[in-house]
Amino acid sequence: MDLATYVNAMRDPAGLPFYPSIFQFLLVLTFALHITMVNLVVGSTFVAIWETWKRNEYGLRLSKALGRVITVGMSIAIVLGVAPLLFVQVIYDPFWYTATTLSAFWALMFLVVITLAFYAGYGFYLGNKKAEVMEAKTGWAWVAGGLLLLTALFIHMLSMEQLMPQHWKEWIVSAQGTVSYAGGEFHGIEFGRLLHFLLPSFAVTGVFLMLYSSYFKDREDYDQAYLKYVGEKGAWLALWASILAIGAGFWWLGLIPSEFHFARNPFFLIGAVVGVATTAFIGSSVYKPQEKAIPAAILMFVSIFIMCCAREALRMKHMSQAGYSIYNYPVNADWPSTILFFATFVMGLFVLYFPAIAAYQAGKVKAGEVAIIDPSIGRKAVSAMIGWFVIVAGLGIVISLKNGTLF
Ligand code: HEM
């Protein structure tokens with residue numbers, strides 16, 4: 001059986017429940033959100049270590065603030081990882097399931113390692129919460145940082161194995177003809193690509209520090225000199241990290257098979273231009289980080305999004321070599337489940353609006369003061385949740401009754 005027949009035969013016989021381009025767009029968008037949060041967590045971990053080492057008041061204060069970012073950010077990064085995972089499983093199922101079978105051990109280790117990283121992040125945050133300058137420790141942050149990098153290595157390997165179907169057979173059947181289904185394969189590491197996804201950690205964290213400095217600037221109980229220190233540190237960090245990330249991007253480009261002519265790909269070209277423009281803008285903001293924080297954050301996300309589009313375009317090139325295209329995946333449009341999916345998505349955004357606005361307002365008032373938030377927003381969010389639950393549970397019961405699976 002040739003490769004194209006194999007990968008196409010492995011597709012879900014039920015077809016896709018909706019049009020592949022919609023899933024692809026959502027895959028890229030949610031991956032961009034995931035990698036942005038991953039970058040914030042990885043960058044915050046190493047910046048917190050650095051700031052603790054300095055053994056001064058501002059450094060420790062920033063390191064404690066980043067301790068919180070690590071724990072909250074890691075939860076968000078993990079949740080945001082689930083979304084692209086679902087879309088990959090839907091449109092690239094033959095590739096994802098083969099990679100996670102070939103490397104089943106590592107796919108499971110991924111879960112163990114990320115869980116330990118999460119506890120280590122908490123260890124750092126709680127351990128230093130009340131520490132004085134000379135007492136603060138970085139041990140748990142090192143553990144968290146190491147485990148986060150290991151997590152990135154595992155998911156990078158699983159992503160790369162999907163792009164190399166031409167090697168699957170030789171990975172399972174050795175040259176001597178021995179077949180191994182042990183799930184211990186570990187292939188395809190491209191450090192240029194991995195670095196291109198990890199170096200922006202410092203750029204994203206730098207921009208986050210600019211936002212932090214700008215957000216707290218109107219609070220009377222915040223030391224303005226501390227905010228200036230954080231803002232300028234953020235801008236410099238973002239500038240140098242962006243320059244290095246561009247360098248890693250060209251290293252990655254050099255690793256891509258030359259027959260793809262990827263240097264001429266429009267997503268790559270737009271990404272390169274926007275990446276350089278973002279770096280130049282950040283360069284212009286090093287002495288006014290507070291004023292330029294919001295446009296810098298928008299530009300940074302646009303650069304990341306275009307980089308994610310380029311990553312997807314590259315995946316399509318690889319897959320076309322194997323005779324696979326998501327655009328000829330059979331579609332059996334299932335409108336009710338699609339409507340429920342999008343309605344749940346909109347409802348989720350509406351429900352999240354309340355805690356988001358509450359957290360934003362709470363940070364704007366002095367410690368000990370109470371933020372005034374319109375309670376009707378919270379009541380509407382709770383009603384939306386109850387309404388959603390009634391509809392989903394009701395639909396489930398009606399469908400089960402209809403299919404005779406309940407009784
Ligand atoms: C917080 C720790 C995590 C780190 C440091 C991390 C890092 C990364 C990196 C660097 C990539 C890009 C790999 C590449 O394209 O070469 C990636 C992709 C991805 N990650 Fe994460 N990740 C984390 C957690 C998670 C979790 C918990 C999930 C799932 C629940 C997840 C799901 C994904 C998916 C689906 C992709 C894209 C795979 C593909 O497109 O084929 N990640 N992650």
Side-chain angles (χ1 to χ4, degrees), residues 23-46 69-100 102-103 106-122 143-165 186-202 204-205 245 248-249 251-253 255-256 304 307-316 318-319 324 326:
F23 288 120
Q24 189 176 35
F25 172 73
L26 291 173
L27 164 61
V28 175
L29 179 68
T30 54
F31 175 69
L33 294 169
H34 167 62
I35 203 75
T36 305
M37 282 316 289
V38 162
N39 284 158
L40 179 61
V41 173
V42 173
S44 297
T45 308
F46 290 102
V69 174
I70 296 167
T71 49
V72 176
M74 216 185 305
S75 319
I76 302 177
I78 293 171
V79 172
L80 286 173
V82 179
L85 184 57
L86 298 181
F87 298 120
V88 165
Q89 286 170 347
V90 172
I91 53 179
Y92 293 114
D93 44 341
F95 299 87
W96 174 257
Y97 290 117
T98 307
T100 47
L102 278 169
S103 302
W106 301 108
L108 291 174
M109 281 308 288
F110 171 78
L111 301 175
V112 174
V113 169
I114 201 165
T115 309
L116 295 176
F118 195 73
Y119 285 120
Y122 259 99
V143 177
L147 293 173
L148 282 170
L149 294 182
L150 211 53
T151 309
L153 182 71
F154 290 173
I155 194 81
H156 164 72
M157 180 272 288
L158 290 170
S159 305
M160 289 303 297
E161 283 188 352
Q162 293 179 69
L163 304 183
M164 302 175 160
F186 198 104
H187 302 281
I189 303 301
E190 265 183 14
F191 281 108
R193 172 172 171 146
L194 187 57
L195 259 190
H196 187 61
F197 285 111
L198 290 180
L199 277 174
S201 299
F202 297 98
V204 170
T205 305
W251 180 12
W252 176 20
L253 182 66
L255 300 173
I256 294 172
I304 292 177
M307 175 182 91
C308 295
C309 293
R311 177 180 179 272
E312 183 61 13
L314 179 62
R315 177 183 351 231
M316 288 176 69
H318 277 280
M319 304 229 158
Y324 184 91
I326 56 165

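Because the structure is predicted, anything quoted here is derived from the model rather than measured. One-based numbering, in listed order, for ligands and for the atoms of each.
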> Between His156 (side chain only) and Glu190 (backbone N and O only), is there a donor and an acceptor less than 3.5 Å apart?
yes
> Check whether any side-chain heavy atom of His318 lies under 4.5 Å from a side-chain heavy atom of Gln162, and answer yes or no.
no
> Got the residues with a heavy atom under 4.0 Å of ligand 1, by chain and number?
Phe31, His34, Ile35, Val38, Ile78, Gly81, Val82, Pro84, Leu85, Val88, Phe110, Ile114, Leu148, Thr151, Ala152, Ile155, His156, Ser159, Gln162, Arg193, Phe197, Arg311, Arg315
> Any donor-acceptor pair under 3.5 Å linking the side chain of His34 with the backbone of Ile78?
no
> Can you tell me if Asn39 uses its side chain to pair, donor with acceptor, with the backbone of Phe197 under 3.5 Å?
yes
> Taking C-beta and beyond as the side chain, do Cys308 and Ile35 meet within less than 4.5 Å on heavy atoms?
yes
> Please report the closest heavy-atom contact between Tyr324 and Pro94, naming both atoms and the distance.
OH-CD, 3.8 Å
